[in-house]
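Note that the numbering runs from 1 along the sequence shown for the chain. What you see is a predicted model; the values in this text were computed from it and never measured.
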Amino acid sequence: MAQQVNNTETNSKPHKPEGKKRHLVAFIVSIILTAFAFLAVILGGSNAFVIPFIIVLGIIQAGFQLYIWMHMDQKGHELPELGIYTGLLVAVLTIIVFVYWLGGY
């Protein structure tokens with residue numbers, strides 16, 4: 001009789017836990033972005049630079065939060081991702097409408 005070979009033992013790779021290095025890098029980047037925001041305020045630049053700079057840093061950091069910590073880049077998160085982007089679109093459009101409505105521009 002032929003000897004059976006257990007394919008699961010010979011072909012499988014050991015499962016690596018996902019993300020220790022990835023999470024550490026994201027954490028360090030988040031701390032660096034926060035430090036840049038604090039430095040922008042401490043150095044006392046003009047409001048025309050500091051406020052948009054902090055907003056951009058916040059958007060980048062929110063992206064890290066969604067895709068690294070909340071695993072939005074993995075399969076099966078399409079519906080929550082659609083909800084987040086739809087809510088973001090509604091929020092941005094609401095802000096734009098109210099700025100124009102109040103005569104900001």
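Taken from CD1 in I84 to CG in L88, the straight-line distance is 9.5 Å, to the nearest 0.5 Å. The distance from atom CG of L43 to atom CZ of F36, rounded to the nearest 0.5 Å, is 11.5 Å. Separating the OG1 atom in T34 from the CG atom in L39 is a distance of 11.0 Å, to the nearest 0.5 Å.
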Would you check, one step at a time, whether the test side chain to side chain contact (heavy atoms under 4.5 Å, CB included) holds for V29 with I60?
CA-CA 10 Å; V29 169; I60 293 170; 5.7 Å; no

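Residue I54 is grouped with residue F49 when hydrophobic side chains (ILVMFWY) are merged at heavy-atom distances under 4.5 angstrom, including chains of intermediate members. Linking Ile, Leu, Val, Met, Phe, Trp and Tyr residues whenever their side-chain heavy atoms come within less than 4.5 Å places V25 and I28 in a single cluster. A continuous path of Ile, Leu, Val, Met, Phe, Trp and Tyr side chains, each step under 4.5 Å between heavy atoms, connects V56 with V50, placing both in one hydrophobic cluster. Residues L57 and V41 fall within the same hydrophobic cluster, defined by Ile, Leu, Val, Met, Phe, Trp and Tyr side chains chained together at heavy-atom separations under 4.5 Å.
The aromatic rings of F98 and W101 sit tilted relative to each other, their planes meeting at an angle between 30° and 60°.
Of the possible donor and acceptor atoms, none in the side chain of Q61 sits under 3.5 Å from a partner among the backbone N and O of I59.
Scored by the ring pair (Phe, Tyr, Trp, His ring centres under 6.0 Å) test, F64 finds no partners at all (sequence neighbours excluded).
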